[in-house]
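Note that these values count all heavy atoms, side chains included, but never hydrogens, waters or copies made by symmetry. Every chain is numbered from 1 and lettered A, B, ... according to where its sequence line falls, protein lines coming before strand lines.
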Amino acid sequence: MTAPAAPSTADDPGSPPANAAGRSRADARGLSFGESGGWCGIGAGAQVRVLTARSVRAFVADRRLLVVSLIEPLVMLTAFGQVLSGLAHAPGFPAGVRYLDFLLPALLLTTALQSGVQAGTGLVDDLRGGLLTRLRTMPVQPVAVLVARSLDGLVRGTLRLVILLTLARCVFGHRPTGGAVGLAAAVALCLAVGWSLGWVFIALACWIDRAEPLHAAAGLVMFPLMFASDAFVPVAGLPEWLRWIARANPVTYGIDAARDLSLTGTAGPGVLAAVITGLAVATLMIPLAVRGLARPR
Amino acid sequence: MNAIEAVGLGRRFGAVAALDGVDLAVPAGSVLGLLGHNGAGKSTLVHVLATLLRPTSGTARVAGHDVVRQAARVRRSIGVTGQQATLDLTMSGRDNLLLVARLLGAGRRQARARADHLLDLFGLAAAADRPARTYSGGMRRRLDLAATLVRRPEVLFLDEPGTGLDPVSRLDLWDMVRQLTGTGTTVVLTTQHLEEADRLADAIVVLAGGRIIASGSPADLKARVGRRTATVQLSTDPDADAAETALRRADLRPVRDGRTLTTALTRDSDLTAVVRALDAAAVEPDRLTVAEPGLDEVYLALTARTEAR
């Protein structure tokens with residue numbers, strides 16, 4: 001066995017580690033650990049903070065993503081607000097309400113829900129890229145990784161909602177009858193419900209862990225959630241069989257409550273129902289997601 | 001004290017036993033080399049010990065903690081560098097190191113200083129602020145190692161660490177492994193580079209089909225399986241003829257290739273016998289060399305034996 005000149009052999013460990021190729025890195029050779037002695041992990045809250053900051057920074061640094069986030073609400077407003085405006089004449093439509101004002105709470109919730117899909121996609125990227133494998137060998141709790149992704153989704157969602165509302169107001173003349181306070185409350189509710197229901201997509205990502213099938217599955221879940229609800233027409237305007245699904249759909253609760261808030265400015269019992277169904281879904285999905293993340297791959 | 005102890009460790013994937021009753025005892029501060037073909041169970045063993053996979057049978061303790069019941073404790077003491085880079089490639093090399101340092105408990109300033117040191121040490125300072133996806137394969141490997149060495153792991157797992165590294169970086173890595181064991185870190189490395197195992201490992205475990213088929217120090221294994229050979233180089237054909245006859249008469253079964261004769265030294269006295277036979281035939285060899293068995297031979301002999309079974 002011919003060996004290249006080795007830096008030092010096993011029988012003389014005391015000799016200074018010579019640099020193999022005589023490169024100038026010789027002085028940097030010394031592996032030292034400095035003050036890292038006590039570093040053996042941080043609390044779960046701090047883990048969430050560090051990981052969330054990292055994801056948010058990545059989002060801010062990604063110009064293309066920011067531009068898409070700006071354009072998407074414009075397209076949504078145009079597509080749904082203009083094309084579907086004839087639906088204002090559908091049976092059961094509340095009298096005296098502009099279609100845009102009726103639609104906007106639904107768009108708010110859809111957009112907030114989309115953040116869950118984004119969180120799932122980011123998670124799949126981390127899984128594929130291998131970062132999660134490293135985190136799983138470190139003193140980092142899987143649930144902290146997931147919560148950080150969901151919070152990052154919340155930050156992105158908030159930004160997108162602000163953009164959506166600004167465009168609706170400036171370009172399409174959106175003036176909800178519930179006033180600014182009602183609208184702010186509707187936004188907060190949509191973010192809360194969107195965050196909770198977003199765990200469905202995070203759980204999907206943990207089990208599917210590939211971007212393409214994840215998007216297909218997310219679409220499969222998203223479509224019935226949106227269309228089998230009162231997002232675009234009141235439940236009364238739906239065919240009989242769809243009404244049953246719409247009444248069981250947690251999205252319907254969220255939209256109902258957001259609509260109440262933005263149109264009347266008062267919180268009905270719907271708000272509580274929306275928050276409770278949302279939290280119920282999250283409570284169900286979080287352990288499922290953690291299990292999916294921890295499973296061997 | 002043993003840094004790693006495993007008893008009857010097994011891992012099944014459906015009907016396949018990737019790991020089948022592995023016992024290990026690795027003393028603290030030593031280097032264990034895991035050898036074996038692809039699919040022999042090396043990576044599975046590393047994954048189980050590093051808490052990435054739950055064993056389906058048996059138990060293992062790493063740094064004094066059970067890998068299943070005290071996985072969180074184990075994770076506080078280990079470092080793992082796998083075959084694939086485990087990084088966020090969209091972030092810069094520096095940001096990757098900062099993230100790891102912060103998650104381990106470094107303050108902002110401390111993390112920054114630590115990242116600087118490691119980037120320097122691994123020759124990545126010039127590329128520190130570029131996204132890691134623009135790095136070459138070797139640079140990614142080095143960044144990955146740097147991330148693993150943000151703090152001193154009590155037990156370090158290196159899954160085929162030499163793969164993708166240029167020869168200089170590989171020597172640097174060996175160097176670093178020795179420095180680490182000098183500070184008390186226990187290292188487990190899987191490798192297909194026998195030279196790597198030979199140079200670094202205090203003990204070697206050869207895996208095949210999820211089982212340990214041989215273990216011992218590199219020297220033990222070589223002595224057990226390999227054979228020393230003597231090679232005699234002659235300057236003329238008549239000399240070569242005479243030497244061949246002499247060796248054959250002495251029952252040394254030489255193999256001739258031109259003016260070179262090779263003979264296996266099966267008994268301790270065989271080397272002296274070679275010299276005596278040459279002396280008796282009055283031939284003066286140009287060169288007489290004795291080769292120790294390589295780990296290659298050991299490995300091939302051992303794995304061939306299990307395949308024949």
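Taking 4.5 Å as the heavy-atom cut-off, the residues of residues 42-50 of chain A that approach chain B are A:I42, A:Q47, A:V50, ordered by number.
How far OG1 of B:T90 is from CG of A:D125: 8.0 Å, rounded to the nearest 0.5 Å. Here the NE2-OG1 distance, from B:H47 to A:T133, works out to 8.0 Å after rounding to the nearest 0.5 Å. Atom CG of B:L87 is separated from atom CG of A:D126 by 11.5 Å, given to the nearest 0.5 angstrom.
Of the atoms belonging to A:L135, it is side-chain heavy atoms, and not backbone ones, that fall under 4.5 Å from chain B. Interface remark: B:R108 contributes no atoms to any contact with chain A (heavy atom separation under 4.5 Å). Heavy atoms of B:L200 lying under 4.5 Å from chain A are absent altogether. Contacts of B:L89 with chain A are absent, with no heavy-atom separation under 4.5 Å from either backbone or side chain. Proximity to chain A (any heavy atom under 4.5 Å) is shown, for B:D202, by neither the backbone nor the side chain.
Considering all non-hydrogen atoms of both residues, B:A101 and A:W39 come closest at CB-CZ3, 4.3 Å. Here the closest heavy-atom approach between residue B:V100 and residue A:R134 is recorded as CG2-CD, 3.8 Å. Counting all heavy atoms, side chain and backbone alike, A:F33 lies closest to B:R152 at CD2-N, 3.3 Å.
Residue-environment remark: CZ (A:R291) stays at or below the threshold of 12 foreign heavy atoms within 6.0 Å.
Ranked by heavy-atom pairs under 4.5 Å with chain A, the list B:T148, B:V74, B:T183, B:T51 is led by B:T148. For the options B:R114, B:R73, B:Q84, heavy-atom pairs under 4.5 Å to chain A are most numerous at B:R114. Contact count against chain A (heavy-atom pairs under 4.5 Å) is highest for B:A106 among B:A113, B:A106, B:A147. The most heavy-atom pairs under 4.5 Å with chain B, out of A:S32, A:A144, A:G38, come from A:S32. Of the listed residues (A:A61, A:G130, A:A53, A:A58), the one with the most heavy-atom contacts under 4.5 Å to chain B is A:G130.
Counting only distance, with no hydrogens or angles, the side chain of B:R76 and the backbone of A:P139 share no donor-acceptor pair below 3.5 Å.
Taking a cutoff of 4.0 Å between a charged side-chain nitrogen and a carboxylate oxygen, B:D95 and A:R54 do not qualify as a salt bridge.
Contact annotation: the side chain of A:M138 approaches that of B:L104 to within less than 4.5 Å [non-hydrogen atoms, C-beta and beyond]. Counting heavy atoms from C-beta outward, B:T86 and A:T137 have side chains that stay 4.5 Å or more apart. Within the 4.5 Å cutoff, no side-chain heavy atoms of B:R75 are placed close to those of A:V140. Contact annotation: the side chain of B:L99 approaches that of A:L51 to within less than 4.5 Å [non-hydrogen atoms, C-beta and beyond].
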